[in-house]
Amino acid sequence: MGEINIKIGEKSYQLEKGDCLLNLIKKNLPNAKFSIVAAKENGNTIELITPIESDLNIQWISSSSEEGIRILRHSTSHIMATAVKKIFGETKVAIGPSTDDGFYYDFDSNTRFNEEDFMKIEAEMQKIIDADIPFVKTFINRKEAIEKFKKDGELYKVELIEEITDDKVSLYDNGDFTDLCRGPHIPSTGYIKAFKLLKIAGAYWRGDEKNKMLQRIYGTAFADNKSLKAYLTMIEEAKERDHRKIGKEMNLFGFYQEGPGFPFWKPNGMILYNTILDYWRKLHTDEGYQEVKTPIILNEELWHRSGHWDHYKENMYFTEIDKEAYAVKPMNCPGGLLIYRDGVHSYRELPLKIAELGLVHRHEKSGVLHGLFRVRQFTQDDAHIYCTEEQVKTEVKKVINLVQKIYNDFGFKDVHLELSTRPANSVGSDEIWEVAEKALAETLQELDLVYKLNPGDGAFYGPKIDFHIKDAIGRSWQCGTIQCDFSMPERFDISYIGADGQKHRPVMLHRAILGSIERFIGILIENFKGKFPFWLAPEQIRLLPISKNHVEYAKEIKNLLQNFNFRVKIDETEDKLGGKIKQARLDRVCYLGIIGDNELSKKTLTVRKADKEENKEVALDELSEFFNEIKNSKI
RNA sequence: GCCGGUGUAGCUCAAUGGUAGAGCAAUUCACUCGUAAUGAAUAGGUUGAGAGUUCGAUUCUCUUCACCGGCUCCA
């Protein structure tokens, strides 16, 4: 038996050939035992229980690193399966991977699991963890594995193995339970220091709705209890930000049984809505866009021509007018194209930028509706740019700049891009797609922008660049999109007259920046937790007279501020100041103006931000300047 | 659409096989108040809808609608 060298960073250790890294840790780094879950060499993960046959130059994977925690969670899913099998013996197991923030395992069981079962399962899991049972990896050949799982009645595993092409498959034993698994895993169950089962949900076998619905149990695991607690707090925090809850509290919008998926905008919500549109319109006018509005219901024939009938009919609503078939628009482009076609266009007009705040309807399955994030009716901040092929890149660049300016103004500093290419079910020739995809990719490269590639995720008529923004608690939302379309111009046979006096086919860029106004407002609500920046806040200022004697003066100030176009209200209730402040904060008013004898005699207003305790006394003739500065700073 | 859960006053939630209560909000009255809740009184509900079991259903059963958590899909 020879010795081999294990190099870890600066340090070197000796190990008996055939021994494993776990023994190295036990001997040399006893304190680190549970915090190292695996090792890594050149990007390959090495489990701590793997026998080492030659010299290695490795890094440790710590249980708190992203990679380490995934291993931990994956192993926890096995432990959960072990526990479930022990308690509910006839249960068959499907798959149990780690996810971004935890893990799940899909089960097929005669028992309907419910959250009360979690206690039992968790207790059983804890027993397994306390026993520190090793994960033992074995390889057997495929046929043998199929026989084994057939004998055990684990038909889902059999189906999985049948699709594996390797001769050998790996199994992991963990006490009473053996699972087909590629790994990697932690050496033994004792590594799990903090875990919790979270929820139960149905999930189709292999994600296909034609297959059987299995029961999925979600859970999460962390390297220590503190991290688990922090995660649970974060979930609570996300709940606090839920736009459905805040929207109700702030009277922004409502959903009623009479119109599932169709938002009703209340007065406060309309202020937000219109403020956003005013801002948007001003910016687009400055950028050379012209605005149009096209009808919501159009003849069904149009949708055959556009390709929507073939590619989007499942999501469309249909109706009948004078015995003719009509459809409710799910997108704005076909209507916009009719306007373009109405008249002759010269190359001198290009690029022609036509914007439309278009109200679209899409039939979404009942189970997917979710507040403003997933609705059946929404307004897109759409625009179609008609241009020559040569102008595409320049125009795409201009749109990207505009997108970045707008996100920045709304307080979103972290934006990432994705490029999606031709989907399976698409219209247009190979050449057209190639040109379009190339144009988008090159533009991104020329701007030196980092982007993620999503092959096959494009729209049916063209490839697209999507914009994702990150909110205050790190969640990512897709909003903007730029789609390059050579097809629709062809289908609608649109043209412009070139310098040569001949007809030419323009290219069409579809683009939206906020995406859906409804959804964007939902994102804003969650990002700001309802505490909007001054320029957006439905109620910007609330005046709080200390007693009845100050109400008259408050009205004077209210008029003054209203004349300067600020949104201001007076709290005329007979509460004490403390009570009024509390109410204003609950209502998420942006600024408070306090009015008492002091202010009355000096002709001033004491201003404070609702959630800060700093007061500032502002003279009446300086009020407009004071608030305008806040408004323009967009904070 | 599928799986599971939920549905009681404007909001948050109690309760029971014998037709429902609290806090906040609302209304009225008193207090005239300086930075997160002044006190009192009043009013408010076909218990999501429909059917069934029962002497009697908000409670049990079924159907249906909506919502919540997922799956699939997506702006």
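Numbered from 1 within each chain, the chains take letters A, B, ... in sequence-line order.
- Identified under the side-chain hydrogen bond (donor to acceptor under 3.5 Å, both in side chains) test for residues 261-275 of chain A, with sequence neighbours left out: A:Asn251-A:Lys266, A:Tyr273-A:Thr379, A:Tyr273-A:Glu518.
- Taking atom C1' in both B:rC24 and B:rA43, the straight-line distance is 16 Å, to the nearest Å.
- Here the separation of B:rG39 from B:rC31, taken at their P atoms, is 16 Å to the nearest Å.
- On the P atoms, B:rU59 is 32 Å away from B:rA25, given to the nearest whole Å.
- If you take atom C1' in B:rU58 and the same atom in B:rG1, they sit 31 Å apart, rounded to whole Å.
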For RNA chain B, the dot-bracket notation using Watson-Crick and G-U wobble pairs below 3.5 Å, [ ] for pseudoknot-type crossings and | for other-strand pairs, is (((((((..((((....[..)))).(((((.......))))).....(((((..]....))))))))))))....
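- Both A:Leu372 and A:Asp208 sit near RNA chain B, but only A:Asp208 has its closest nucleotide nearer the 5' end.
- Ion pair A:Glu287/A:Lys405 not flagged as a salt bridge, since none of the NZ, NE, NH1 or NH2 atoms sits closer than 4.0 Å to an Asp/Glu carboxylate oxygen.
- Not counting sequence neighbours, A:Arg608 has no partner by the side chain to side chain donor-acceptor pair (under 3.5 Å) test.
- Separation of the P atoms belonging to B:rG5 and B:rC11 is 25 Å when rounded to the nearest angstrom.
- Nucleotides B:rU8 and B:rG4 are separated by 22 Å at their C1' atoms, to the nearest Å.
- A heavy atom closer than 4.0 Å to some atom of RNA chain B occurs in no member of residues 455-476 of chain A.
- In this structure, A:Tyr218 reaches the sugar-phosphate backbone alone: every heavy-atom distance under 4.0 Å involves primed, P, OP1 or OP2 atoms, never a base.
- By the salt bridge (Lys or Arg N to Asp or Glu O under 4.0 Å) test, A:Lys85 pairs with A:Glu154, sequence neighbours left out.
- Rounded to whole angstrom, the span from the CG atom of A:Leu369 across to the P atom of B:rU72 amounts to 17 Å.
- Counting to the nearest Å, the P atom of B:rG69 and the OH atom of A:Tyr104 are 19 Å from each other.
- Heavy-atom distances to RNA chain B give each of A:Gly207 and A:Asp242 a nearest nucleotide, and the one nearer the 5′ end belongs to A:Asp242.
- Separation of the C1' atoms belonging to B:rA40 and B:rA36 is 23 Å when rounded to the nearest angstrom.
- To the nearest angstrom, C1' of B:rC71 lies 15 Å from CG of A:Asp108.
- In this structure, the side chain to side chain donor-acceptor pair (under 3.5 Å) partners of A:Ser306, at least two apart in sequence or on a different chain, are A:His308.
- Under the ring pair (Phe, Tyr, Trp, His ring centres under 6.0 Å) criterion, the residue pairs touching residues 568-609 of chain A are A:Phe534-A:Tyr591, A:Tyr591-A:Phe627, with sequence neighbours excluded.
- Because its NZ or CZ atom is both nearer than 6.0 Å to the ring centre of A:Tyr104 and within 45° of the ring axis, A:Arg216 counts as a cation-pi partner of that residue.
- B:rG70 and B:rG45 are spaced 34 Å apart, taking the C1' atom of each and rounding to whole Å.
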Base-contact (B) and sugar-phosphate-only (S) positions in nucleotides 1-11 of chain B, heavy-atom cut-off under 4.0 Å, - elsewhere | BBBS-------
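- The ring-ring contact (aromatic ring centres under 6.0 Å, His included) check on A:His243 picks up A:Phe373, with sequence neighbours excluded.
- With respect to A:Glu237 and A:Arg241, a salt bridge is recorded, a charged nitrogen being found less than 4.0 Å from a carboxylate O.
- Counting non-hydrogen atoms under 4.0 angstrom, A:Gln478 reaches the backbone sugars and phosphates but no base.
- Residues that satisfy the side chain to side chain donor-acceptor pair (under 3.5 Å) test with A:Glu622, not counting sequence neighbours, are absent from this structure.
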Using residues 414-427 of chain A as the side-chain source, report each donor-acceptor pair under 3.5 Å to any protein atom, sequence neighbours left out, with the distance given to one decimal.
residue	atom	partner	partner atom	Å
A:His416	NE2	A:Glu418	OE2	3.1
A:Glu418	OE1	A:Asn454	ND2	2.6
A:Thr421	OG1	A:Gly456	N	3.0
A:Arg422	NE	A:Ser426	OG	2.9
A:Arg422	NH1	A:Asp430	OD1	2.9
A:Arg422	NH2	A:Gly428	O	3.0
A:Asn425	OD1	A:His311	NE2	3.3
A:Ser426	OG	A:Pro423	O	3.4

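- A:Val360 comes within 4.0 angstrom of no nucleic acid atom, judged by non-hydrogen atoms across all strands.
- The distance between atom CZ of A:Arg374 and atom P of B:rG70, rounded to the nearest whole Å, is 13 Å.
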Under 4.0 Å protein heavy-atom contact, by nucleotide of nucleotides 32-47 of chain B - B base, S sugar-phosphate only = BBBBBBS---------
